[in-house]
Trainee: 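Provided herewith is a single structure, encoded as structure tokens, for subsequent inquiry.
In what follows, residues are counted from 1 in the order of the sequence shown.
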Amino acid sequence: MSWATIVALAAGAYAFKAVGVFLGARLPTTGRPAALVALVPAALFAGIIVQQSIGDGPAAIVATRVLGVAVGGVAVWRKAPLFVVIVVAATVTAVARLTLGA
């Protein structure tokens, strides 16, 4: 990737942020737009989890990651504390890797 491309992408990202700052106050902050904006962080977080979990690696490693995320998701659904969710997901992932030899 060339430096010109990197500089152009950085300038574009900065421009998007500047537009958000300057025009953000003029946009409606109630009703449906506000409800949709409130959902954006959860959607981005879910996308990051999926990309990091199954993005790359051998099949056995990906399987253990998916299993750990699934067990963590069940723990969150059961309203477990964050510490418990992390420990349970990490433990299941580690045991799965040990079992599968991954």
Trainee: In the hydrophobic clustering that connects Ile, Leu, Val, Met, Phe, Trp and Tyr at side-chain heavy-atom distances below 4.5 Å, which members other than L36 occupy its cluster, ordered by chain and number?
Mentor: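 Members alongside L36: none; it stands by itself.
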
Trainee: Compile the donor-acceptor pairs under 3.5 Å between side chains in residues 79-89 and protein atoms, sequence neighbours left out, one pair per line.
Mentor:
none

Trainee: Could you work out, with side chain to side chain contact (heavy atoms under 4.5 Å, CB included) as the rule, every residue matching V50, not counting sequence neighbours?
Mentor: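 Side chain to side chain contact (heavy atoms under 4.5 Å, CB included) list for V50, sorted by chain: I54.
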
Trainee: Does any pair with a residue in residues 35-55 pass salt bridge (Lys or Arg N to Asp or Glu O under 4.0 Å), and if so which ones, sequence neighbours excluded?
Mentor: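 Listed by first then second residue: nothing to list.
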
Trainee: If you link I, L, V, M, F, W and Y whenever their side-chain heavy atoms are under 4.5 Å apart, who else ends up in the same group as L39?
Mentor: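 L39 shares its hydrophobic cluster with no other residue.
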
Trainee: With sequence neighbours left out, write down each residue that passes side chain to side chain contact (heavy atoms under 4.5 Å, CB included) with I48, or none if nothing qualifies.
Mentor: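 Result, side chain to side chain contact (heavy atoms under 4.5 Å, CB included) vs I48: Q52.
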
Trainee: Excluding sequence neighbours, so at least two apart, what forms side chain to side chain contact (heavy atoms under 4.5 Å, CB included) with V37?
Mentor: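 Per chain and number, V37 pairs via side chain to side chain contact (heavy atoms under 4.5 Å, CB included) with no residue.
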
Trainee: Over all heavy atoms of both residues, which pair between A60 and L100 is shortest? Give the atoms and the distance, please.
Mentor: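 Residues A60 and L100, closest heavy atoms: O-CD1, 4.4 Å.
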
Trainee: Among residues two or more places apart or on two chains, list those pairs meeting salt bridge (Lys or Arg N to Asp or Glu O under 4.0 Å) that have a residue in residues 61-74.
Mentor: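 Passing the test, one end in residues 61-74: D56-R65.
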
Trainee: Applying side-chain hydrogen bond (donor to acceptor under 3.5 Å, both in side chains) as the test, list every pair that has at least one member in residues 1-20; sequence neighbours left out.
Mentor: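 Residue pairs with at least one partner in residues 1-20: S2-T5.
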
Trainee: Nearest 0.5 Å, what's the CD-CG distance between Q51 and L44?
Mentor: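 One gets 12.5 Å once the value is rounded to the nearest 0.5 Å.
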
Trainee: Can you list, by chain and residue number, the hydrophobic cluster partners of V7 when the side-chain cut-off is 4.5 Å?
Mentor: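 None; V7 is a cluster of one.
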
